[in-house]
Number of protein chains: 2
Amino acid sequence: MGTIYDLAKKTGFSITTVSKALNNYKDVSEKTRAKILQAAAEMDYLPNAHAQSLSTKRSWAIGVMFSEANEVGMKHPFFNGIIESFRHATEEHGYDLIFASRNLRNRDMSYLEHFKHRAVDGIVVICSDRMDEQVQELMQSDIPFVVVDMDSANCSVVYSDNTEGARMAVNYLYELGHRAIAHIAGDSSIDAGAARVKGYELAMHALDLPIQPGYLVNAGFFSVEEGKQAMEQLLQLSSPPTAVFVAGDQMAIGAIEAVHEHGLRVPEDISVIGYDDIEMIKYITPKLTTIRQDTDEIGEAAAELLIEQMTAKERRTERRTERRVIPVRLIERASCAPVKK
Amino acid sequence: MGTIYDLAKKTGFSITTVSKALNNYKDVSEKTRAKILQAAAEMDYLPNAHAQSLSTKRSWAIGVMFSEANEVGMKHPFFNGIIESFRHATEEHGYDLIFASRNLRNRDMSYLEHFKHRAVDGIVVICSDRMDEQVQELMQSDIPFVVVDMDSANCSVVYSDNTEGARMAVNYLYELGHRAIAHIAGDSSIDAGAARVKGYELAMHALDLPIQPGYLVNAGFFSVEEGKQAMEQLLQLSSPPTAVFVAGDQMAIGAIEAVHEHGLRVPEDISVIGYDDIEMIKYITPKLTTIRQDTDEIGEAAAELLIEQMTAKERRTERRTERRVIPVRLIERASCAPVKK
DNA sequence: CCTCTTCCCGAAAGCGCTTTCGGTAACTTG
DNA sequence: CAAGTTACCGAAAGCGCTTTCGGGAAGAGG
């Protein structure tokens, strides 16, 4: 590999000139630049990123931070789609992603601290819980960052249009003739959960449909098991709903399971519509009708906002906090049907 | 934040002493160490990782490399499980993971080059294709690395016991009374694909079962769609199998779809057993019986091998290449049944 | 022919940290 | 009390790179 010194020795120029040639400074002649580049190629020279960062104060690295609550980390079927798209988008600009541990030579530290230690240029946070400590800490700092999947006035955020998505779901069910529409909701401490509840309520109200007692059930944190339990509650009701809008696909899977276990069929006896459009629901029976969140869009938007902030910081412009709400789409599959007469 | 200089000024000691105090050198008195640590805490001092790496030649970072072929990257339902477990295991030792782009200031480069540039301490490769250029390149280098999901004599590898898993699948089907057992295989350029074919053949032979013409179909690269097409081929046969061992869960999902579209039922008319045990198959109908690969184990083993290599290198011991084969397990669900008379 | 630009190049300082090598003061030991 | 240890601390070099600033050579202009 070798260093810039070796290159200098080999070509006979000073390290200054070598560095300039490598970095496209204009005050080095074409001839010598060519020589240097040539030599660099011959000896497989690669600049040392640490040395570069040290002297430029720019690391070309972005820290990725999953919220504590999400133990699943990169296994999460929705979040990993976002990260993948984010990765693509930032890669084009030359950034690397770094997943930090919270462990520095066996000393415990916050993610933020670790990222400062690593001197990342920016941070992307995948977090739904606005009370998350790590995020709070971030807000105090002056590192560029963007958070995905929650709303906040104090930082750049991107999330999808949950309220609108919920309305679309309810309206769709309504058009199929359903009037007894329940909602299996995510916890309200999660922005997305709260927003979808709001959308549900708004839509019901706009359609002049009362929300019957017991029709709005909080199923917690979007797991299959919780969805199943919630549906069981609904099924116990004296007049169960004919359709239910479930705030997440995983919960919807559980809900369908519950329906089946009660000897009923989806969608013949009860229609179910989910939220997210994760990969697997195309393969369950029945294929789940759902509201698709555009993970590609979300990841790209997050990348855009973050890069904007990072370059702004370099230019010492003030930090702009921007909110980006990504539209959602109804994906019709086979889990909803017209209401039985 | 501040640097070590600020700390020195604040405490009145030299930067040498400060550095030593921070790094637990024994030639600094307890009293001054305490003072320095105290001051460090007060000013939220954090060492700069780049500076440290520059002078110690150790970056505490591990590069993650997905093979080219796998466009899905971290969305892959099997690989992301491995990475997640790998991350946990390495985190405990203080390592961070870095996902590199192949783009360095708009110059294209190989992953290896990029990782050299970043001066990672080691690399984990998720790759099934032994002919992958990037992996070949790695073998020539002297960076510690471990590759997951393929076999090779020239480097440390970890993968699960594919041949044995295939035998388990076939034997299980046999015990259910099946004799007409087909195999939907992954491409042989993939180690896992080849090994499972071998296990299938071995098991069939051991059971004295001939492999009927057309019963071994190469379905390519483990996608749902390819699995579906393969199953359709099998269904065209004059005497179709009563059971099929599919080399991957995603392909199995496709296979089941094909069976259903032909108006047949799984497992009543035809039994299907998959491979991998990815998350979603618990939720399809019927729940898929499969051979589980222990992603947790695999990730941990990979971490262990890599860390071993990295510390060995530090000690200047020679590189040991080790092979770790992780056992698999049959998970009985609902997609296999005794053969019809 | 002399001055003023323009074009190239290099010396040197600096980024924040580690580590070797000495050196001083205090403490033993015979 | 002299000589030998031990305990602490610091000067300085070095890791590999960037960037400012100044200076020499060559070309332009009068």
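Chain letters run A, B, ... following the sequence lines, proteins first and then strands; every chain starts at 1. What you see is a predicted model, and the numbers here were worked out from it, not measured in a lab.
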Between [N] atom [atom2] and [X] atom [atom1], what is the distance in whole Å?
X: A:Lys26; N: C:dC9; atom1: NZ; atom2: P; result: 13 Å
X: B:His50; N: D:dG14; atom1: NE2; atom2: C1'; result: 19 Å
X: B:Arg58; N: C:dG16; atom1: CZ; atom2: P; result: 24 Å
X: B:Lys31; N: D:dC9; atom1: NZ; atom2: C1'; result: 14 Å
X: B:His117; N: D:dC17; atom1: NE2; atom2: C1'; result: 12 Å
X: A:Leu22; N: D:dG16; atom1: CG; atom2: C1'; result: 12 Å
X: A:Asn23; N: C:dC9; atom1: CG; atom2: C1'; result: 16 Å
X: A:Leu46; N: D:dC17; atom1: CG; atom2: C1'; result: 14 Å

Identify whether any heavy atom of B:Thr32 sits under 4.0 Å from a base atom; if not, whether one sits that close to sugar-phosphate; answer base, sugar-phosphate or nothing. sugar-phosphate
Would you say [X] places a side-chain N or O within less than 4.0 Å of OP1 or OP2 belonging to [N]?
X: B:Tyr45; N: C:dC17; value: yes
X: A:Ser29; N: C:dC9; value: yes
X: A:Lys57; N: C:dG16; value: yes

Confirm from the modelled atom types if [X] and [N] form a donor-acceptor pair under 3.5 Å, side chain to base only.
X: B:Asn48; N: C:dC17; answer: no
X: A:Tyr5; N: D:dC17; answer: yes
X: A:Asp27; N: C:dC7; answer: no

Inspect the surroundings of NZ in A:Lys26 and state if more than 12 heavy atoms from other residues, nucleotides or ligands are less than 6.0 Å away. yes
Assess whether atom CD of B:Glu137 is packed by more than 12 heavy atoms of other residues, nucleotides or ligands within 6.0 Å. yes
Thinking salt bridges, do B:Arg33 and B:Glu30 make one under a 4.0 Å N-O criterion? yes
B:Thr56, nearest nucleotide to its side chain (from D:dG16, C:dT19, C:dC15): C:dT19
Counting side-chain heavy atoms from C-beta on, which of D:dC17, C:dT18, C:dC9 comes nearest to A:Gln52? D:dC17
Any residue in residues 12-20 of chain B with a heavy atom nearer than 4.0 angstrom to DNA chain D? Just list them by number, or reply none. B:Phe13, B:Ser14, B:Thr16, B:Thr17, B:Lys20
Any donor-acceptor pair under 3.5 Å linking the side-chain atoms of A:Gln38 with those of A:Glu42? yes
Just to verify, which of A:Tyr95, A:Phe86, A:Phe99 counts as forming a ring pair (Phe, Tyr, Trp, His ring centres under 6.0 Å) with B:Phe99? A:Phe99
Apply salt bridge (charged side-chain N to carboxylate O under 4.0 Å, His left out) to residues B:Glu84 and B:Arg87 and explain how you reach the verdict. CA-CA 5 Å; B:Glu84 178 65 13; B:Arg87 186 173 76 87; 3.3 Å; yes
Please verify the inter-ring angle class for B:His117 with B:His114; under 30° counts as parallel, over 60° as perpendicular, anything in between as tilted. perpendicular
